[in-house]
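Read through the structure below, which is laid out as structure tokens, and then see the notes.
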Amino acid sequence: MNSRRTRIYEGKAKILYEGPEPGTVIVHYKDDTTAFDSQKKAVIDGKGVLNQRISEYIFTRLNNLGLPTHFMRTLNMREQLVREVEIIPLEIVVRNVAAGSLSKRFGLAEGTQLPRSIVEFYYKSDELGDPMVSEEHITAFGWANPQDIDDVMALALRINDFLSGLFLGVGLKLVDFKLEFGRLYENEEMRIILADEISPDNCRLWDVKTNEKLDKDRFRQDLGKVAEAYQEVARRLGILPEAGVRDMQGPDTVQ
Ligand code: TMP
């Protein structure tokens with residue numbers, strides 16, 4: 001690791017460093033994996049490389065569609081250059097099919113198709129265990145205003161439409177996923193753009209034919225073959241790193 005760089009923040013799965021120019025940040029994808037508020041932890045070799053590659057691919061597609069994201073470019077197998085944003089402290093979950101906490105909360109069998117896509121908000125706080133919140137909480141506590149919430153919802157639903165089609169095209173069902181947004185200040189104006197990552201760490205992806213889980217639920221539920229599942233997602237998207245599994249660990253840092 002290059003110690004000359006200034007570390008801004010270390011999260012559970014990523015490290016942020018100061019970028020080369022003002023207004024930029026370097027995101028480093030780790031192999032560290034956690035679930036259930038870090039009660040369950042492991043290092044999954046190659047996960048960071050796969051998530052970087054999958055997220056790069058999806059964010060590039062979104063940028064090209066005119067859906068604004070923080071992604072600028074990939075620096076190496078584990079690192080991306082992104083725009084610095086002020087993260088809105090919310091996790092936005094979009095659900096198409098019942099699974100996970102929704103199934104639990106409402107007693108819905110996992111795999112039940114939802115009557116329409118559902119958007120939920122959670123307050124980003126590890127200490128509090130990311131509690132679910134309503135628009136009332138969000139506006140009352142000043143995390144976002146009603147206009148911001150409208151923008152976030154509209155972007156989240158457009159991303160859901162695009163991603164559902166993208167994954168269906170490669171035989172995967174997008175069950176649900178989590179997004180984070182940030183505020184970008186440019187020429188006295190503020191725009192809300194997509195931040196964080198989109199990868200099997202924060203999506204549920206099931207094989208269309210067999211319902212096999214190809215996402216972080218393999219880790220949460222001890223199903224095994226976690227990296228293999230992420231690799232299969234990359235393979236189906238046609239973006240498996242060329243060197244294959246052997247090279248998945250990648251360089252720690254090339255800077
Ligand atoms: P949930 O069913 O556990 O609420 O998860 C919904 C989606 O959000 C699922 O695709 C996994 C993702 N997620 C995260 O990315 N981070 C989290 O901390 C949690 C709880 C879920």
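From a predicted model like this one, the values you see are computed outputs, not experimental measurements. No hydrogens, no waters, no symmetry mates; every other heavy atom, side chains included, goes into these values. All ligand and atom numbering here is 1-based and tracks the order in the structure.
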Arg61-Tyr57 side chain donor-acceptor pair, cut-off 3.5 Å: yes
Whether Arg220 and Asp217 form a salt bridge (side-chain N of Lys/Arg under 4.0 Å from carboxylate O of Asp/Glu) is what I want to check. yes
Considering all protein heavy atoms, does one lie under 4.0 Å from atom 19 (C) of ligand 1? no
Where ligand 1 meets Arg220 - atom numbers and elements under 4.0 angstrom, heavy-atom basis: 11 (C)
Protein heavy-atom partner closest to atom 17 (C) of ligand 1 - residue, atom, separation in Å: Glu91 OE1, 3.9 Å
Ionic contact status for Glu228 with Arg218, cut-off 4.0 Å: no
Close approach of Arg95 to ligand 1, heavy atoms, under 4.0 angstrom: yes
Is the closest basic N to carboxylate O distance between Glu212 and Lys225 below 4.0 Å? no
For Tyr17 and His28, take the angle between the two ring planes, folded into 0 to 90°, and tell me which bin it lands in: parallel under 30, tilted 30 to 60, perpendicular over 60. perpendicular
Heavy atom of the protein closest to atom 6 (C) of ligand 1 (residue, atom name, distance): Arg204 NH1, 3.6 Å
So for Met132 against ligand 1, with non-hydrogen atoms under 4.0 Å, the contacting part is neither
Got a salt bridge between Asp176 and Arg204, using NZ or NE/NH1/NH2 to carboxylate O under 4.0 Å? yes
Nearest non-hydrogen protein atom to atom 9 (C) of ligand 1, with distance, is Asp176 OD1, 3.1 Å
With a cut-off of 4.0 Å, which atoms of ligand 1 are near a heavy atom of Phe177? 10 (O)
Any protein heavy atom < 4.0 Å from atom 11 (C) of ligand 1: yes
In this structure, atom 14 (C) of ligand 1 is nearest to the protein heavy atom Lys178 CE, 3.7 Å
Which atoms from ligand 1 have a heavy atom of Gly100 less than 4.0 Å away? 2 (O)
Looking only at atom types and distance, does a side-chain atom of Asn63 sit under 3.5 Å from a main-chain N or O of Thr69, one as donor and one as acceptor? yes
Identity of the nearest option to atom 2 (O) of ligand 1, non-hydrogen atoms only, from Ala35, Ser38, Ser101, Ala13: Ser101
Within a distance under 4.0 Å of any heavy atom of Val93, pick out the atoms of ligand 1 and give their elements. 6 (C), 8 (O)
side-chain hydrogen bond (donor to acceptor under 3.5 Å, both in side chains) between Arg95 and Ser101, intermediate numbers included: CA-CA 11 Å; Arg95 301 179 186 271; Ser101 68; 3.0 Å; yes
Can you spot which of Asp201, Thr33, Asp126 makes a side chain to side chain donor-acceptor pair (under 3.5 Å) with Lys12? Asp126
